[in-house]
Amino acid sequence: TERVKEVIRWEKDGIEWEDAIDKIHQLYDEKNSHDWCHTISNAMIVTLALIYGQKDFEKSISLSILGAMDTDCNGATVGSIVGMILGANELPEKWINPLNDTLKSGVDGFGVVKISDMSKRTVDIIKSNN
C-alpha cells in the first residue's frame, strides 16, 4: 500500500525510527479500536521494524513492540520474517533454548509438537507445491 511505501521513504529520507513511530501515531490513534487492529497501521509498524531493525532479531522485534498497536501480532510477524531471513541456526540462543523445541499449538489436531517437526513440515509443503 501507499502507507507502507511511505515508511520505506521515511527511512531513505533519514528519519529516525522514533520519529517514524510518531508519524504512524499521528495517522492512527491506538485508543481507537479500529486503528489499533487496523491492517494498514500495523503493516506500517511491521515495515518500520523490518527496515530499521536491519535483520537484527531482537532489535526488529523490539521495534515492532515499541510501535504499539497490535504488539503481539506485530512482534510475531516480525520475528517470523527475520527468523526466516536469518535461518534457525542464526537465532539468539536465549530466544530458542527456553522453548526446548516445543510448541503448544492452538491448531486443532496438533497439541504439543516439536518446532523442528513443524518447520520440516512447512518446508515439505512448500517443496510439494513447486
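Within the 4.5 Å cutoff, no side-chain heavy atoms of Trp10 are placed close to those of Ile51. Looking only at side-chain heavy atoms (C-beta outward), Ile21 and Glu18 stay at 4.5 Å or farther from each other. Counting only heavy atoms from C-beta outward, the side chains of Leu103 and Leu99 never approach each other to under 4.5 Å. The shortest distance between side-chain heavy atoms of Ile15 and Tyr52 falls below 4.5 Å. Side-chain contact between Met118 and Phe110 is present, with at least one heavy-atom pair separated by less than 4.5 Å. Side-chain contact check for Val82 versus Ile61: every heavy-atom pair is 4.5 Å or farther apart. At least one side-chain heavy atom of Val4 sits under 4.5 Å from a side-chain heavy atom of Thr1.
Pairs passing the side chain to side chain donor-acceptor pair (under 3.5 Å) check and including a residue from residues 71-92, sequence neighbours excluded, read Asn42-Asn74.
Linking Ile, Leu, Val, Met, Phe, Trp and Tyr whenever their side-chain heavy atoms come within less than 4.5 Å puts Val46 and Phe57 in one cluster. With hydrophobic clusters built from ILVMFWY side chains whose heavy atoms lie under 4.5 angstrom apart, Ile115 does not share a cluster with Ile96. Ile125 and Val123 are not part of a single hydrophobic cluster, where members link through side-chain heavy atoms under 4.5 Å apart. Note on Trp17 and Met44: same hydrophobic cluster, where clusters join Ile, Leu, Val, Met, Phe, Trp and Tyr whose side-chain heavy atoms are under 4.5 Å apart, directly or indirectly. Placement of Val78 and Leu48 in two distinct hydrophobic clusters is found when ILVMFWY residues are connected by side-chain heavy-atom separations under 4.5 Å, directly or transitively.
Other residues, nucleotides and ligands contribute at most 12 non-hydrogen atoms within 6.0 Å of the CG atom of Asp108.
Taking OG of Ser119 as the reference point, atom NZ of Lys114 lies at 12.0 Å (rounded to 0.5 Å). For the atom pair Ile45 CD1 and Ile40 CD1, the distance stands at 12.5 Å (nearest 0.5 Å). Taking CG of Asp13 as the start and CD1 of Ile8 as the end, the distance is 12.0 Å to the nearest 0.5 Å. One finds the CD atom of Glu11 at 14.5 Å from the CD atom of Glu6 (value rounded to the nearest 0.5 Å). In this structure, the separation between OG1 on Thr39 and CZ on Arg3 is 14.0 Å, given to the nearest 0.5 Å. Separation of atoms NZ (Lys59) and OG (Ser64) is listed at 13.0 Å; rounding is to 0.5 Å.
In this structure, a donor-acceptor pair under 3.5 Å is present between the side chains of Trp95 and Glu58.
Side-chain atoms of Asp101 come within 3.5 Å of backbone N or O of Ser116 as a donor-acceptor pair.
Between Ala49 and Ser60, the shortest heavy-atom distance links the atoms CB-O, 3.3 Å. For Thr47 against Ala43, the heavy-atom pair with the smallest separation is OG1-O, 2.7 Å. Annotation for Leu91 and Gly83: closest pair CD2-CA, 3.8 Å, computed over non-hydrogen atoms.
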Inset, instruction - Could you please spell out the steps behind the salt bridge (Lys or Arg N to Asp or Glu O under 4.0 Å) verdict for Arg121 and Asp117? - result: CA-CA 6 Å; Arg121 181 183 171 101; Asp117 289 346; over 6 Å; no
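Using a cutoff of 4.0 Å between basic side-chain nitrogens and carboxylate oxygens, Asp19 and Lys23 are not scored as salt-bridged.
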Output side-chain donor-acceptor pairs under 3.5 Å for residues 24-31, partner residues at least two apart or in another chain, one line each.
unit_1 : atom_1 : unit_2 : atom_2 : d
His25  : NE2    : Gly67  : O      : 2.7
Asp29  : OD1    : Lys31  : N      : 3.0
Glu30  : OE2    : Met69  : N      : 2.9

